[in-house]
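Below: one structure, written as structure tokens.
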Protein chains: 4
Amino acid sequence: MLTKQEQRSEETKRSILLAAGRLFAGRGYDVVTMREIAKEAGCSHTTIYIYFKDKEALLQHLSLPPLQTLASRMDALLGSSGVPEEKLKNVSLAFIEFCLANRNMYGLFFNVKSVRVDEQAPELEINKVRNRLFGKLTEALQTCLRLEREDERLLMCSRIYFFTLHGIVSTYTFSEESVDQLMGRLTPTFLAAFEVQLDGLKAMISSNKNGVERG
Amino acid sequence: MLTKQEQRSEETKRSILLAAGRLFAGRGYDVVTMREIAKEAGCSHTTIYIYFKDKEALLQHLSLPPLQTLASRMDALLGSSGVPEEKLKNVSLAFIEFCLANRNMYGLFFNVKSVRVDEQAPELEINKVRNRLFGKLTEALQTCLRLEREDERLLMCSRIYFFTLHGIVSTYTFSEESVDQLMGRLTPTFLAAFEVQLDGLKAMISSNKNGVERG
Amino acid sequence: MLTKQEQRSEETKRSILLAAGRLFAGRGYDVVTMREIAKEAGCSHTTIYIYFKDKEALLQHLSLPPLQTLASRMDALLGSSGVPEEKLKNVSLAFIEFCLANRNMYGLFFNVKSVRVDEQAPELEINKVRNRLFGKLTEALQTCLRLEREDERLLMCSRIYFFTLHGIVSTYTFSEESVDQLMGRLTPTFLAAFEVQLDGLKAMISSNKNGVERG
Amino acid sequence: MLTKQEQRSEETKRSILLAAGRLFAGRGYDVVTMREIAKEAGCSHTTIYIYFKDKEALLQHLSLPPLQTLASRMDALLGSSGVPEEKLKNVSLAFIEFCLANRNMYGLFFNVKSVRVDEQAPELEINKVRNRLFGKLTEALQTCLRLEREDERLLMCSRIYFFTLHGIVSTYTFSEESVDQLMGRLTPTFLAAFEVQLDGLKAMISSNKNGVERG
DNA sequence: GATGAATGAGCCTTCATTCAT
DNA sequence: AATGAATGAAGGCTCATTCAT
């Protein structure tokens with residue numbers, strides 16, 4: 001059990017993370033100042049340094065946990081019963097919803113640049129989770145397309161599929177609407193996009209040309 | 001005719017724009033300093049202020065022309081002879097290449113937030129060009145899908161198509177590779193993506209369900 | 001008799017003073033932080049403020065006792081049996097050793113500037129001890145030179161003698177070596193310096209010219 | 001010839017160096033802030049960065065030239081005609097006067113710590129000049145004492161002599177009096193001190209014991 | 001008595017921008 | 001037209017100090 005003081009402390013830390021997350025993504029890591037974060041979090045800028053070594057540490061702490069949550073959720077969806085196409089849709093939707101929910105954080109997760117490459121340990125951790133995420137989606141896609149795991153065409157297919165996912169997220173990253181509003185309004189569009197995508201990929205697979213280098 | 005002085009003046013201004021363009025695109029607007037631009041342009045940093053009100057004015061002046069160039073190029077591609085599918089591919093590729101070439105600037109063009117909304121006039125101009133751009137792409141798509149301009153399904157199709165374009169650009173926005181490297185390496189993938197997209201959309205159209213809400 | 005609580009309290013206070021003394025002397029007053037002192041003392045940094053008004057108060061409390069210890073030691077040395085020359089040497093050596101041991105603190109004791117002049121009481125106290133110290137040395141010197149206490153030549157002699165003492169201390173104030181290392185290595189040099197000094201002063205006294213202005 | 005602007009610039013630079021010199025020494029390098037220096041110099045703190053890369057560069061620029069000036073002056077005195085004793089006195093007096101004139105800077109010249117050891121080039125330069133200085137004094141002393149350059153006793157003698165010089169300077173470093181006041185008032189004392197010193201050293205040399213380890 | 005939480009003041013430094021020439 | 005000089009605002013960060021428990 002936590003004392004009242006520890007509770008407040010935890011709350012402060014959370015509000016800092018929340019504020020930093022919002023701001024970093026909304027306006028970019030470099031551009032956001034510690035003082036801005038503090039103001040948004042409702043504390044002094046020095047307080048941030050009690051909880052985080054420096055600005056970069058804030059970024060690090062911000063990056064990992066949400067991704068892990070998403071990974072779990074995707075695991076659950078993939079483990080459920082249902083036809084592969086349904087699973088792919090659900091997983092894709094979950095991914096989109098997550099990214100929109102964490103909105104501008106999105107850049108933080110997938111833009112390698114924003115995390116310094118010096119210290120490998122944490123960096124590796126993020127990359128690991130990220131790769132696991134992409135792996136899951138690729139796996140779902142593979143099942144739908146009925147390709148072997150080693151089929152060279154799978155890489156291109158997943159790349160193309162990711163373009164669309166990434167594009168959806170990017171398109172609405174800076175929207176003023178809430179995630180709920182967006183999902184409510186656009187879920188049909190997203191589902192259609194997934195379907196278009198899958199149909200198109202299936203067509204490509206079934207045709208002779210695979211787009212890589214075979215004649 | 002320009003006097004010698006006016007020529008030199010014009011030259012200075014051009015070299016400043018050139019330098020700023022190079023640097024903004026190469027390292028990002030926020031990160032580049034006025035002194036850097038001046039050094040690259042071969043003049044004093046104070047000279048920049050003779051030609052441009054401030055750093056942001058530099059950005060404004062820089063934003064429009066490339067977009068217009070792109071618009072012209074897309075016009076040319078669309079006006080050329082050839083099957084619609086080929087045209088769509090070429091126009092899409094041109095769009096992608098442009099966005100990757102202007103990389104960090106990309107956000108500036110399409111992310112409404114990053115351009116101050118205070119002064120509407122230039123903002124409007126950019127928006128106009130931007131909309132013209134999207135219009136061209138939609139038009140190409142419409143021809144391929146053989147839809148009427150007013151067909152309600154066109155909106156969804158173009159949305160989905162844009163998701164992919166946007167996604168491609170976003171994916172490589174922060175890559176360290178040059179445009180040429182990226183295009184050299186990934187053009188086949190991009191073309192495949194366009195094709196997949198188009199095939200999928202065609203399939204959707206030809207099926208009864210249009211993904212919106214009709215029964 | 002002290003209650004257990006009072007004992008603990010006293011202990012904490014002592015450990016703070018000990019830690020502060022070590023750190024101030026070792027790395028300099030300005031550079032040492034309250035948190036460092038607290039860590040070294042094994043308590044929270046806020047605890048320090050229970051016992052001492054502020055960082056400077058810590059310094060004040062720290063300054064006096066060692067000086068008094070030195071004064072006592074010099075008294076003991078002067079009171080012992082032995083030829084005056086031997087006593088002067090011993091007292092001088094004790095003085096040097098003390099100053100080097102308290103190294104960075106040295107400035108604090110003798111450089112009037114570094115102690116705030118606002119609150120006179122403690123300042124005065126330090127000055128009193130300091131003057132007593134110099135008095136003892138002068139006295140030892142006087143005995144060696146066989147001068148009357150009022151002899152005007154004594155002032156110049158003691159001044160000159162102090163130059164050397166002060167010079168020795170200054171020379172090694174910023175050395176990285178420990179007191180023990182320094183004393184071990186340089187004691188013969190110091191003793192030689194004292195002797196040279198005394199011989200030179202004796203020569204001056206015995207000559208007609210006293211260096212001031214008498215003919 | 002300098003333009004008016006260049007003159008002002010030079011003046012600003014000088015006033016910054018002057019202010020920094022005064023403050024660094026008066027209150028210590030670490031403790032003095034750039035804003036203090038700026039205020040004392042009568043300019044904005046950012047102006048300092050126009051002339052000096054950073055705080056440490058200021059220190060570097062401050063250290064070398066005066067020392068070189070002193071070195072030249074000592075050379076001149078040593079090269080002049082006169083008995084060795086007279087030369088030693090003059091050189092010693094010049095040294096003292098210089099140190100008092102540059103007052104608190106003194107610490108900067110001789111306290112190795114204050115100059116970062118990272119970059120060796122400038123550091124070396126200072127050390128070279130400093131060593132040359134001490135070399136000159138030692139040389140003058142050697143002539144007076146009629147010792148061979150290699151005589152092991154010379155080292156100790158020069159050390160002892162330096163103690164006094166260093167002590168004189170240290171004693172008056174924080175005095176409020178001007179160098180002229182001090183020299184006017186105390187020159188006789190200083191001369192007496194040199195003489196006492198020399199007499200004492202001569203006595204030591206002429207006796208059997210040299211203070212090191214011989215019996 | 002003791003402590004973790006929190007903060008304001010302040011430090012060095014950089015940058016866009018203006019002023020005087 | 002062009003420039004060197006100069007500056008205010010701001011940024012990341014640290015530290016002595018206070019407050020509430």
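Predicted, not measured: the structure shown is a model, and the values here were computed from it. The sequence lines fix the lettering, A, B, ..., with proteins before strands; numbering per chain opens at 1.
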Practice item. Scan residues 10-18 of chain D against DNA chain F and write down, sorted by residue number, each residue with any heavy atom closer than 4.0 Å; if none is found, say none. Key: D:Thr12

Review point. Of all residues at least two apart in sequence or in a different chain, which pass the side-chain hydrogen bond (donor to acceptor under 3.5 Å, both in side chains) check with C:Thr46?
Key: C:Ser44

Study note, to complete from the structure: So the side-chain hydrogen bond (donor to acceptor under 3.5 Å, both in side chains) pairs with at least one residue in residues 30-39 of chain A (sequence neighbours excluded) are A:Arg27-A:Glu36

Revision key, fill the gap. What residues 32-40 of chain B contributes to the DNA chain F interface at heavy-atom separation below 4.0 Å is B:Arg35

Point to revise | Residue closer to the 5' end of DNA chain E, D:Gln5 versus A:Gly42 (nearest nucleotide) | key: A:Gly42

Check your understanding: Sub-3.5 Å donor-acceptor pair from the side chain of A:Lys13 to the main-chain atoms of A:Ile48, do we have one?
Key -> no

**Study point:** Nearest-angstrom distance from the residue atom CZ of A:Phe52 to C1' of F:dG12
**Key:** 16 Å

Practice item. Would you check if the side chain of B:Lys53 reaches a backbone N or O of B:Leu58 as a donor-acceptor pair within less than 3.5 Å? Key: no

Exercise for review: Grab the NZ-P distance between C:Lys55 and F:dT14 for me, whole Å please.
Suggested key: 16 Å

Revision key, fill the gap. So the contacted stretch of DNA chain E, first to last nucleotide with an atom under 4.0 Å from a non-hydrogen atom of chain D, runs from E:dC11 to E:dT21

Review point. Reckon C:Thr47 touches a base, only the sugar-phosphate, or nothing at all at heavy-atom distances under 4.0 Å?
Key: base

Point to revise | Atom-to-atom span, OH of D:Tyr49 to C1' of F:dG8 - whole angstrom | key: 15 Å

**Study point:** Pairs meeting criterion ring pair (Phe, Tyr, Trp, His ring centres under 6.0 Å) with involvement of residues 36-55 of chain B, two or more places apart
**Key:** B:Phe52-B:His61

Point to revise | Rounded interatomic separation in angstrom, taking NE2 from C:His45 and C1' from F:dC15 | key: 10 Å

Check your understanding: What's the CD-C1' distance between A:Glu56 and F:dC13, to the nearest Å?
Key -> 14 Å

Check your understanding: So which heavy atom on A:Thr12 is nearest to which on A:Thr47, and how close?
Key -> CG2-CG2, 4.0 Å

**Study point:** C:Phe24 vs C:Ile37 side-chain heavy atoms within contact, under 4.5 Å
**Key:** yes

Point to revise | Where DNA chain E forms stems, i.e. three or more consecutive Watson-Crick or G-U pairs with both distances under 3.5 Å | key: E:2-21 with F:2-21

Exercise for review: Tell me whether the guanidinium CZ or amine NZ of C:Lys55 lies under 6.0 angstrom from the six-membered ring centre of C:Tyr29 and within 45° of its axis.
Suggested key: yes

Practice item. Compare side-chain N and O positions of B:Tyr51 against OP1 and OP2 of F:dA2 and report whether any pair is under 4.0 Å apart. Key: yes

Exercise for review: Applying side-chain hydrogen bond (donor to acceptor under 3.5 Å, both in side chains), name anything that partners D:Glu10, two or more places apart in sequence or on another chain.
Suggested key: none

Exercise for review: Applying side-chain hydrogen bond (donor to acceptor under 3.5 Å, both in side chains), name anything that partners A:Arg8, two or more places apart in sequence or on another chain.
Suggested key: none

Check your understanding: Does C:Arg22 have any salt bridge (Lys or Arg N to Asp or Glu O under 4.0 Å) partners at least two apart in sequence or in another chain, and if so, which?
Key -> C:Glu40

Review point. Across the strands shown, which category fits D:Thr46 at heavy-atom distances under 4.0 angstrom: base, sugar-phosphate, nothing?
Key: base

